[in-house]
Each structure stands twice: as C-alpha cells, then as structure tokens.
Amino acid sequence: MSEAESSEQRRLARNLSELLQELRVAQGGVQILFGFLLSIAFTERYAEADGYVRVTHMVTVLFAAGAVALLTAPAAWHRVLFRRGRREDVIEVANRFALAGLGLLAIAMAGTILLLGEIVVGGWVAVALGVLAALFFGTLWFLLPWRERHRDTIDSSGQS
C-alpha cells in the first residue's frame, strides 16, 4: 500500500470514527425520547385524550422510531461491511442516514413539544410552541451549519 493510500485509509477511518461517535450522542437522546413517548400511551390521562392528541402522539412516535432506525443504521452497515474495503461507501451512506435521522428527530422533538403543549396549555399556544421548536431545531441543526458550509474553502471531499 502506498503512502497516499495509507493516508487516505487513515482519513477514512478517522471520519468513520468521528461519525459513529456523533451518532452515539444522538442515539441516546432519541432512545430516551422514544421510551418517553411509548410510556405516555399507558397513562390514565392518555385514556381521556381526544383524537387530535392521539394522532399527534402516534405521528410523533413514528418520527421518533424513524430517527432511531436511521441513527442506528450506520453502526449496522459498518458491522456488516467491516473489513470489506467499503469504508468510503459506509461513510457516505452513514452521513445521509445521520442527516435524515436528525431531521426526523427534530420533527419528533417538535411533535413532543406540541403534544405536551396541547396537554398543558392547549390551543394556539401549543401549536406555536411546536412551530417554535421546529424552527429552533431546524435552524440550529441544519440552516446555520449549511450556511457556514458555503463560507468555507474546503470542497465536499474534504480537500482545500
């Protein structure tokens, strides 16, 4: 293996390691959220909830489940393709899964805030809280980083 190939392999290994570390952080949060959302259905208050709350809850659970699937998929891909010389493919797919998973997590977080807002205060205030949460997560997790991407001098392959 040439020095350039060895350097490229080290870069890919570092990129994969960093990505998997980032996903560990997100996985914990989404799994706690998912457990919380599942537990709601078994409360006495939920039995009295109207159709709007139940549908909001179910949709939020589905987004959280989708986030769990997408945020844990890169670990499965890495394990299945381990030592197959496919590290670059794993990183590319894992990055897409991570971004999509974070998007679903942002929607699930906004849905959870909407759901809790509906239970606590109800009406337009709950909707406003859900919309504000969606805007907050969308801005913090996607809009600001993508805006910063256009300001740097590094191309998409990581080269200056």
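With sequence neighbours excluded, the residues satisfying salt bridge (Lys or Arg N to Asp or Glu O under 4.0 Å) with Glu92 are Arg96. Every residue two or more places apart in sequence or in another chain was checked for a side chain to side chain donor-acceptor pair (under 3.5 Å) with Glu48, and none qualifies.
In terms of heavy atoms, Thr72 sits closest to Val68 at OG1-O, 2.7 Å. Summarising the geometry of Gly111 relative to Thr56, their closest heavy-atom pair is O-CG2, 4.2 Å, with the distance given to 0.1 Å. Considering all non-hydrogen atoms of both residues, Thr60 and Ala108 come closest at CG2-O, 3.3 Å. Minimum interatomic distance between Val121 and Ala126 (heavy atoms only, all atoms of both residues): CG2-N, 4.2 Å. Shortest non-hydrogen contact noted between Gly101 and Ala67 is O-CB, 3.6 Å. Across all non-hydrogen atoms, the minimal contact from Leu19 to Ala98 is CD1-CB, 4.2 Å.
Judged by distance alone, the side chain of Arg54 and the main-chain N or O of Tyr46 form a donor-acceptor pair under 3.5 Å. Gln27 places a side-chain N or O within 3.5 Å of a backbone atom of Leu71 that can act as its donor or acceptor partner.
Note on residues 117-143: pairs passing ring pair (Phe, Tyr, Trp, His ring centres under 6.0 Å), not counting sequence neighbours, are Phe137-Trp141, Phe142-Trp146.
Shown here is Glu88, whose CD atom has no more than 12 heavy atoms of other residues, nucleotides or ligands within 6.0 Å.
Distance check, rounded to the nearest 0.5 Å: CD1 of Ile107 to CG of Leu62 gives 12.0 Å. To the nearest 0.5 Å, atom CG of residue Asn95 and atom CG of residue Leu99 are 5.0 Å apart.
Residues Ile40 and His57 are in side-chain contact: their nearest non-hydrogen atoms beyond the backbone lie under 4.5 Å apart. For the pair Leu105 and Leu33, the minimum side-chain heavy-atom distance is below 4.5 Å. Counting heavy atoms from C-beta outward, Met58 and Val55 have side chains that stay 4.5 Å or more apart.
If you run side chain to side chain contact (heavy atoms under 4.5 Å, CB included) between Pro74 and each of Val90, Leu23, Val93, only Leu23 comes through.
In the hydrophobic cluster analysis, where Ile, Leu, Val, Met, Phe, Trp and Tyr join through side-chain heavy atoms closer than 4.5 angstrom, Leu37 is grouped apart from Ile32. A chain of hydrophobic side-chain contacts below 4.5 Å, direct or via other Ile, Leu, Val, Met, Phe, Trp or Tyr residues, connects Phe36 to Ile119. The hydrophobic cluster containing Met109 does not contain Leu144, counting ILVMFWY residues as joined when their side-chain heavy atoms lie under 4.5 angstrom apart, directly or transitively.
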> side chain to side chain contact (heavy atoms under 4.5 Å, CB included) between Leu104 and Val30: does it pass, once the steps are laid out?
Replying inline: CA-CA 10 Å; Leu104 294 185; Val30 74; over 6 Å; no
